[in-house]
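Only one structure is covered here, and it is reproduced in the block below.
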Amino acid sequence: MNTDRKIEKAASIIRESKSMVSLTGAGISTAAGIPDFRSPDEGLWQKDPSKMMLFTDVGFMSDPKGFYEFGRELLPRFQDARPTLAHRFLSRLEAEGKLKCVITQNIDGLHQRAGSKNIVELHGGLSTARCTGGACKREFTLEEMVKETEERLPPLCPDCHALIRPNIVLFGEALPEEAYRKALESLGNCDLLLVMGSSLVVYPAADMPGIAQEHGARLIIINLQPTRYDSRADVFIHLPLDVAVEKLAKALEITL
Ligand code: CNA
């Protein structure tokens with residue numbers, strides 16, 4: 001099927017859907033200037049596989065300074081990022097009552113900034129941080145955490161001197177229970193899952209297309225690189241998201 005036919009088919013599936021859910025990954029934010037992990041040239045881990053360890057629970061605890069040094073280089077990209085066309089597309093579909101939930105693996109807060117309301121952050125978010133001291137439990141805003149990193153690396157809690165960590169899920173850690181429960185509930189109730197910008201290799205998110213399909217949902221995947229679900233999708237589109245979304249929005253007569 002050529003690309004125009006795929007867009008037409010995806011648009012008609014979206015038109016028919018009454019309870020759509022989207023699963024998004026780092027690829028939805030690359031056009032906003034935030035690199036993903038696995039894109040061939042710009043992916044953070046493709047460029048430097050050694051950085052992968054820093055994002056594991058063990059790696060973070062054994063080299064928190066290395067984590068924060070790398071994080072400090074990346075932070076301006078997150079702070080300067082603005083929602084992309086694809087983020088805006090999803091918030092418009094929610095405002096129209098069609099999209100019920102965005103399940104995101106991202107930590108960048110761009111769905112919130114695009115105006116989406118019902119968002120499940122599977123891997124937490126960068127906007128807050130917490131003290132790792134058992135009894136302390138002090139919470140920090142991103143700005144407060146950044147201020148502490150200016151004092152010393154790694155940043156330490158001013159109250160109890162334990163390490164401060166962002167409220168994100170590191171590899172090896174369990175997902176936040178409530179987020180996972182809400183994601184499963186949404187997947188069980190949707191008639192269409194639209195996957196955008198995910199390599200679908202990180203579990204348990206990578207199982208979510210299959211879970212939605214087991215509950216009878218249709219599946220559309222938009223991603224630059226192939227995914228292991230492409231052959232099971234009703235439509236898969238290998239285009240940059242901004243290009244695909246512009247075409248889809250036109251077909252659906254949505255102004256972004
Ligand atoms: P990933 O494994 O890096 O895959 C991203 C996918 O997006 C790749 O398959 C790319 O081909 C595709 N892609 C990249 N740019 C585009 C584009 N413009 N249009 C269409 N497709 C594109 O990332 P996943 O999200 O699948 O993996 C989950 C990890 C990545 C989670 O733990 C995230 O927290 C983590 N992550 C998040 C961010 C963020 O919050 N923006 C950034 C980097 C990594």
Side-chain angles (χ1 to χ4, degrees), residues 3 6-7 10 22-49 51-57 59-60 67 70-71 73-87 89-90 102-114 116 119-127 142 166-176 179-180 183 194-209 220-230 233 236-248:
T3 304
K6 286 183 176 187
I7 295 285
S22 183
L23 172 65
T24 66
I28 196 173
S29 299
T30 52
I34 302 174
D36 63 8
F37 282 158
R38 296 182 181 81
S39 275
D41 298 321
E42 291 303 313
L44 293 170
W45 293 351
Q46 300 296 328
K47 279 184 162 171
D48 184 353
K51 294 289 189 279
M52 191 170 177
M53 189 60 192
L54 294 174
F55 291 86
T56 64
D57 49 354
F60 174 73
F67 174 91
F70 187 46
E73 276 171 45
L74 281 178
L75 190 62
R77 307 255 212 135
F78 281 88
Q79 288 172 319
D80 296 344
R82 298 282 172 272
T84 64
L85 216 53
H87 291 99
F89 179 66
L90 294 179
V102 176
I103 302 169
T104 188
Q105 299 168 84
N106 293 345
I107 56 170
D108 57 30
L110 288 183
H111 287 297
Q112 286 86 338
R113 291 177 70 176
S116 288
I119 304 162
V120 175
E121 288 183 311
L122 284 179
H123 296 164
L126 261 190
S127 59
L142 175 64
N167 277 326
I168 59 174
V169 177
L170 297 165
F171 289 96
E173 294 181 325
L175 297 192
Y180 190 47
L194 171 62
V195 178
M196 290 178 136
S198 176
S199 57
L200 294 176
V201 298
V202 177
Y203 288 87
D207 276 332
M208 292 185 174
I220 300 173
I221 298 176
I222 310 177
N223 200 58
L224 268 180
Q225 290 167 278
T227 78
R228 70 186 180 94
Y229 270 103
D230 290 354
F236 64 86
I237 298 169
H238 295 160
L239 279 180
L241 271 160
D242 280 1
V243 175
V245 163
E246 200 176 344
K247 288 175 186 287
L248 264 181

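In each ligand, atom 1 is the first atom listed, and ligand 1 is the first ligand listed.
- No heavy atom of A205 sits closer than 4.0 Å to any atom of ligand 1.
- In terms of protein heavy-atom proximity, atom 21 (N) of ligand 1 is closest to L224 N, 3.0 Å.
- Shortest contact from atom 40 (O) of ligand 1 to any protein heavy atom: I107 N, 2.8 Å.
- The protein heavy-atom contact nearest to atom 15 (N) of ligand 1 is T30 OG1, 2.9 Å.
- The protein heavy-atom contact nearest to atom 10 (C) of ligand 1 is Q225 OE1, 3.3 Å.
- Protein heavy atom in closest approach to atom 31 (C) of ligand 1: H123 ND1, 3.2 Å.
- When G27, A26, G109 are ranked by how near their heavy atoms come to atom 13 (N) of ligand 1, first place goes to G27.
- In this structure, the protein non-hydrogen atom closest to atom 9 (O) of ligand 1 is N223 ND2, 2.9 Å.
- In this structure, A31 has no heavy atom closer than 4.0 Å to ligand 1.
- The backbone and the side chain of N106 each have at least one atom closer than 4.0 Å to an atom of ligand 1 (non-hydrogen atoms only).
- For the ligand labelled ligand 1, residue S39 lies inside the 4.0 Å heavy-atom shell.
- Of the polar atoms of G25, none of the N or O atoms is found under 3.5 Å from an N or O of ligand 1, judged by distance alone.
- Proximity of S199 to ligand 1, defined as any heavy-atom pair under 4.0 Å, is shared by backbone and side chain alike.
- For atom 33 (C) of ligand 1, the closest non-hydrogen atom on the protein side is Q105 O, 3.1 Å.
- Atom 19 (N) of ligand 1 has L241 N, 2.9 Å as its closest protein atom, hydrogens excluded (heavy atom only).
- No heavy atom of V201 sits closer than 4.0 Å to any atom of ligand 1.
- At least one heavy atom of L239 sits less than 4.0 Å from an atom of ligand 1.
- Using a 4.5 Å cut-off on side-chain heavy atoms (C-beta onward), Q225 and S199 make no contact.
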